[in-house]
**Student:** 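The following block contains the structure, expressed as structure tokens.
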Amino acid sequence: MLLIEEDLNSLGDSRKVAEKRLEQNVRKLGKNPTMQKRYNDFLEEYENLYHMEKMNNENLSAINYYMPHHGVFKPDSTSTKLRVIFNASSPTTTGKRLNDVLLSGEIIEDIFNIMLRFRKQQIVLIADIRQMFRQILIDPSQRDLLRILWKTKEEEEPVGYGLKPVTYGTK
């Protein structure tokens, strides 16, 4: 992740908003057992594939960001019935968002030129790489900026997790 350093120092606290949204999310999931199971399975798979790891507060850096998350449930979808959204646009106590301090890349080349170059080749390879972005890992020194909270029941204490790969929802 490329960051704007001077803005990063004034990012603010995001944990309280993430905790509040987590409570809302767990309550909502409790009303729909099918969605709750899919959501829990998604996060369990995320952890089993080492795309996130439990974090303890001892190694928490001074600058961190907790992303609220929620699920979009589409029971009629043939491919993905549940998509979990990580929200890096949620404001902190200073009003800043993680997406505000991340630098975004730009596509410099025109799509027409890309397609033209593609068509000139005798042999081309096309691949549908499953979970492609999950294969791109974030530098461990910046994983405190990609934290989430999770619990499966309302009465549990939330557990902090650090996300390891590039995360959709971030700039």
**Student:** Restricting to non-hydrogen atoms, name the atom on Y66 and the atom on S14 that form the minimum distance, rounded to 0.1 Å.
**Tutor:** N-OG, 2.6 Å
**Student:** Kindly say whether T167 contributes a backbone atom to a donor-acceptor pair with the side chain of T170 at under 3.5 angstrom?
**Tutor:**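 Answer holds: yes.
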**Student:** Should L137 and L146 be regarded as members of a common hydrophobic cluster, given that ILVMFWY residues are connected when their side-chain heavy atoms come within less than 4.5 Å of each other, either directly or indirectly?
**Tutor:**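 No.
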**Student:** Find out whether N99 and S89 are in side-chain contact, i.e. whether some heavy atom of one side chain is under 4.5 Å from a heavy atom of the other.
**Tutor:** yes
**Student:** Which heavy atom in R21 sits nearest to a heavy atom in S90, and how many Å separate them?
**Tutor:**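 Heavy atoms only, the tightest pair is NH1-OG, 3.4 Å.
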**Student:** Write down the atom of V17, the atom of P68, and the distance for their closest heavy-atom approach.
**Tutor:**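 Looking at all heavy atoms of both residues, the closest pair is CG1-CG, 4.3 Å.
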**Student:** Answer yes when K151 and E23 have at least one side-chain N-carboxylate O distance shorter than 4.0 Å, and no when they do not.
**Tutor:**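 Salt bridge between K151 and E23, a charged N being under 4.0 Å from a carboxylate O: yes.
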**Student:** Roughly how far, to the nearest 0.5 Å, is OG1 of T94 from NZ of K96?
**Tutor:**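 Output value for this atom pair is 6.0 Å.
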**Student:** With rounding to the nearest 0.5 angstrom, report the CD1 to CZ distance, I111 to F118.
**Tutor:**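 Separation between the atoms: 11.0 Å.
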**Student:** Does the side-chain contact (heavy atoms from CB on, under 4.5 Å) test come out yes or no for L11 and N64, once each step is laid out?
**Tutor:** CA-CA 8 Å; L11 190 56; N64 56 69; over 6 Å; no
**Student:** With a 3.5 Å distance limit and no angle check, can you tell me whether D100 reaches the backbone of R97 through a side-chain donor-acceptor pair?
**Tutor:** yes
**Student:** Given a cutoff of under 4.5 Å between side-chain heavy atoms of I, L, V, M, F, W and Y, with clusters grown through shared members, what are the other residues clustered with I123?
**Tutor:** none
**Student:** Mark yes or no for whether N25, through its side chain, and H69, through its backbone, hold a donor-acceptor pair below 3.5 Å.
**Tutor:**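 Yes, N25 side chain to H69 backbone: donor-acceptor pair under 3.5 Å.
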**Student:** Could you see if F86 belongs to whatever hydrophobic cluster contains I136? Use Ile, Leu, Val, Met, Phe, Trp, Tyr and a side-chain cutoff under 4.5 Å.
**Tutor:** yes
**Student:** Give me the atom names and distance for the closest heavy-atom approach of P158 to L149.
**Tutor:** CB-CB, 4.2 Å
**Student:** Within the structure provided, determine whether T34 and F73 are in side-chain contact (heavy-atom separation under 4.5 Å).
**Tutor:** yes
**Student:** Do the ring planes of W150 and Y39 sit parallel (below 30°), tilted (30 to 60°) or perpendicular (above 60°)?
**Tutor:**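 Ring orientation, 0 to 90° scale: parallel.
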**Student:** The test is side-chain contact (heavy atoms from CB on, under 4.5 Å); show your working for Y161 and E47 and say whether it passes.
**Tutor:** CA-CA 9 Å; Y161 289 90; E47 187 174 17; 3.6 Å; yes
**Student:** Output the distance between atom CD (E45) and atom CE (M52), rounded to the nearest 0.5 Å.
**Tutor:**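 It is 10.5 Å, given to the nearest 0.5 Å.
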**Student:** Between V84 and H70, is a side-chain contact (heavy atoms from CB on, under 4.5 Å) present by the stated rule, with each step listed?
**Tutor:** CA-CA 6 Å; V84 176; H70 66 280; over 6 Å; no
**Student:** May I ask you to decide if T152's main-chain N or O and E156's side chain share a donor-acceptor pair within less than 3.5 Å?
**Tutor:**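 Answer holds: yes.
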**Student:** Kindly compute the distance separating CZ (R119) from CD1 (I114), expressed to the nearest 0.5 Å.
**Tutor:**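 The CZ atom of R119 sits 15.0 Å away from the CD1 atom of I114.
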**Student:** Answer yes or no: is there a side-chain heavy-atom contact under 4.5 Å between V72 and I85?
**Tutor:**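 Touching, per the 4.5 Å side-chain cut-off.
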**Student:** Checking K81 side chain against S77 main chain: does a donor-acceptor pair fall under 3.5 Å?
**Tutor:**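 Yes; at least one donor-acceptor contact below 3.5 Å.
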**Student:** Side chain of T93, backbone of G12: donor and acceptor closer than 3.5 Å?
**Tutor:** no
**Student:** Counting C-beta onward and ignoring hydrogens, is there a side-chain heavy-atom pair between R147 and L163 closer than 4.5 Å?
**Tutor:**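 Not touching, per the 4.5 Å side-chain cut-off.
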**Student:** For the backbone of I138 and the side chain of R143, can you confirm whether one donor and one acceptor N or O come within less than 3.5 Å of each other?
**Tutor:**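 Between the backbone of I138 and the side chain of R143 there is a qualifying donor-acceptor contact (under 3.5 Å).
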**Student:** Would D144 and M55 count as a side-chain contact (heavy atoms from CB on, under 4.5 Å) if you check the C-alpha gap in whole Å, the side-chain angles of each, and the deciding distance to 0.1 Å?
**Tutor:** CA-CA 9 Å; D144 278 336; M55 305 293 279; 3.7 Å; yes
**Student:** When you compare the side chains of D13 and T92, does any donor N or O come within less than 3.5 Å of an acceptor on the partner?
**Tutor:** no
**Student:** Quickly, which of D41, V26, L29 forms a side-chain contact (heavy atoms from CB on, under 4.5 Å) with Q36? Name it, please.
**Tutor:** L29
**Student:** Got a second to check how far L145's CG is from D139's CG, nearest 0.5 Å?
**Tutor:** 11.0 Å
